[in-house]
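For reference, the structure discussed in these notes is given below.
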Amino acid sequence: MTQVTRAHADWDPMAQFVADPNDVRDPHAELARRRRELPVAIRPAGARIDGFEVYRYDDCASVLRDNETFSSESIRVSMADFMGKYPLVGMDEPVHRRLRSLVAQAFRQKTLAHFEDDLVVPVVDEMIDGFAARGQAELVREMTYRYPVQVIAVILGLPKDDYEQFHRWASAIISVAGRPMEGMQAAAELRAYLERVLEDRRANPHDDLITELATVELDGERLDDEEIFSFLQLLLPAGAETTYRATGNLLFGLLSNPAQLDALRADRSLLVAAVEEAIRWEPPLLITSRVAVRDAEVAGTAIPAGAQVIPNIGSANRDETRWDHAEEFDLFRESKPVISFGVGPHMCLGMHLARMEMRAAVNRLLDRCPNLRFDADAVERDDVHIHGETFRSPTMLPVLFDAA
Amino acid sequence: MLRIEIDATKCMGSGNCSFWASGTFDLGDDGVAFVKDPAGDPEDKVILAGQGCPTQAIAIWRDDERIV
Ligand code: HEM
Ligand code: SF4
């Protein structure tokens with residue numbers, strides 16, 4: 001026990017950015033080869049998740065759409081130690097549909113337009129306040145890693161004094177794969193904390209998401225406490241980790257393509273396309289998983305009942321039969337739906353929020369940090385790159401700009 | 001001219017169609033999509049939006065031919 005406590009004290013969540021033991025830089029060349037040569041492969045032995053991996057866009061989409069053949073139960077099982085009993089993303093029908101329509105109801109009652117100006121922009125601005133006068137920043141540590149967690153804290157309606165603690169729990173939960181003890185302990189503490197908040201909101205309703213979840217009603221159905229906690233706990237891995245990584249990839253794509261960044265600076269209406277292109281080119285989450293509940297076939301490969309099936313989102317998004325020069329970041333390409341948010345009944349509930357957060361972050365950076373560019377010396381010295389096999393994002397984002 | 005139908009029993013309220021073709025699709029207060037203007041966007045956008053529907057709730061015809 002003492003050991004665990006000491007490890008916790010020494011633990012620097014930021015270390016993951018520089019010293020990732022699985023520093024997979026470029027899975028894309030190999031993925032492209034598989035897309036061409038073997039559309040479905042048995043995932044290499046030793047990989048964290050074994051199963052049949054699917055590489056082409058249309059095949060990934062058919063797996064994700066067919067939730068009667070391909071169950072999400074494997075996701076629930078993999079999350080069982082640190083998530084609630086009913087994580088939406090890991091539930092099958094008919095439970096999933098009931099939960100989804102209830103939480104969607106709670107999400108909808110607040111319009112995103114009001115979120116952007118009242119909640120998200122102030123959070124982003126506060127982060128930028130921290131470095132605007134310096135003319136230089138490391139945007140992963142000083143902004144992208146932090147702002148989506150804070151947005152969730154604000155949407156939930158947590159008191160400002162609790163943000164620091166909430167961030168610590170979030171970091172530990174997000175890093176649960178590498179540090180299971182800390183992750184599980186944080187998940188338990190967060191759960192106890194949320195129980196207190198929910199109890200309070202039942203007595204004193206606020207204008208926030210927790211109150212909304214506690215009171216939402218659809219066709220006489222309501223969410224029970226366990227369902228509410230499961231949803232709230234899911235928001236950190238599902239909503240914060242993905243969004244911070246996606247924002248990092250968007251900034252990396254723009255900063256390494258200065259002509260595109262200049263075009264965007266001059267014409268912000270390109271932001272919508274820039275976000276779509278970034279999540280196509282380097283989605284923050286490369287794979288998801290399903291289990292075949294009966295014998296099935298994908299692209300001519302027989303999948304026995306009980307086998308895991310892993311749609312590779314990162315590969316599907318670069319399917320050359322769907323996109324020209326698919327390996328390049330090009331915000332001027334003709335936009336068409338990507339698979340980064342999944343598809344089918346589990347398609348991301350937070351996709352409009354995530355897109356808006358990313359737009360707001362880049363918009364405010366460009367407004368407040370004139371002449372924003374990569375710090376070329378630091379990029380070279382620190383060997384800055386996007387890395388990761390399951391989750392991908394930049395190691396760092398050292399930038400220079402004209403100080404405010 | 002395209003003819004568009006949305007199957008309300010299949011629509012999960014994702015808002016994907018209104019993201020891709022916001023002149024054509026909108027979400028009602030009940031969270032179900034509806035067609036507000038079948039000619040609200042260029043045809044290719046409307047078709048992309050239809051194909052992108054996560055639950056295949058959108059059907060599109062050109063003349064008598066079903067294209068989505
Ligand atoms: C760029 C950022 C994001 C990406 C790339 C992303 C990606 C995904 C993907 C791929 C899925 C489907 C997983 C599957 O089918 O197995 C999903 C589901 C989900 N996402 Fe996101 N997400 C992002 C942001 C968010 C945000 C901000 C929220 C918070 C509200 C969120 C909440 C959820 C939830 C609750 C689900 C489960 C939906 C269901 O099972 O019905 N996500 N996301
Ligand atoms: S894309 Fe499909 S599921 Fe989503 S709102 Fe439109 S019709 Fe409904």
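A note on names: the letters A, B, ... follow the listed sequences, proteins ahead of strands, and every chain is numbered from 1.
- Around atom CZ of B:R3, more than 12 heavy atoms belonging to other residues, nucleotides or ligands sit under 6.0 Å away.
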Between A:S335 and B:W20, does the side-chain contact (heavy atoms from CB on, under 4.5 Å) criterion hold? Intermediate values first, please. CA-CA 9 Å; A:S335 259; B:W20 285 97; 3.7 Å; yes
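- Crowding of A:D224 atom CG: a count of heavy atoms from other residues, nucleotides or ligands under 6.0 Å exceeding 12.
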Run A:M351 and B:F19 through side-chain contact (heavy atoms from CB on, under 4.5 Å) and show every step you take. CA-CA 10 Å; A:M351 64 181 175; B:F19 176 77; over 6 Å; no
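- For chain B, the option among A:R97, A:R355, A:E276 with the highest count of heavy-atom pairs below 4.5 Å is A:R355.
- Within 6.0 Å of the CG atom in A:D267, the count of heavy atoms belonging to other residues, nucleotides or ligands exceeds 12.
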Result block: side-chain N/O donor-acceptor pairs under 3.5 angstrom for residues 41-55 of chain B, not counting sequence neighbours:
residue, atom, partner, partner atom, Å
B:D41, OD2, B:G23, N, 2.9
B:D41, OD2, B:T24, N, 2.8
B:D41, OD2, B:T24, OG1, 2.5
B:E43, OE1, B:R62, NH2, 2.6
B:T55, OG1, B:K10, O, 3.0

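- Neither the backbone nor the side chain of A:S101 comes within contact range of chain B; no heavy atom of the residue lies under 4.5 Å from a heavy atom of that chain.
- Separating the CE atom in A:M347 from the CE atom in B:M12 is a distance of 8.0 Å, to the nearest 0.5 Å.
- Residue B:N16 touches chain A through both its backbone and its side chain, counting heavy-atom pairs closer than 4.5 Å.
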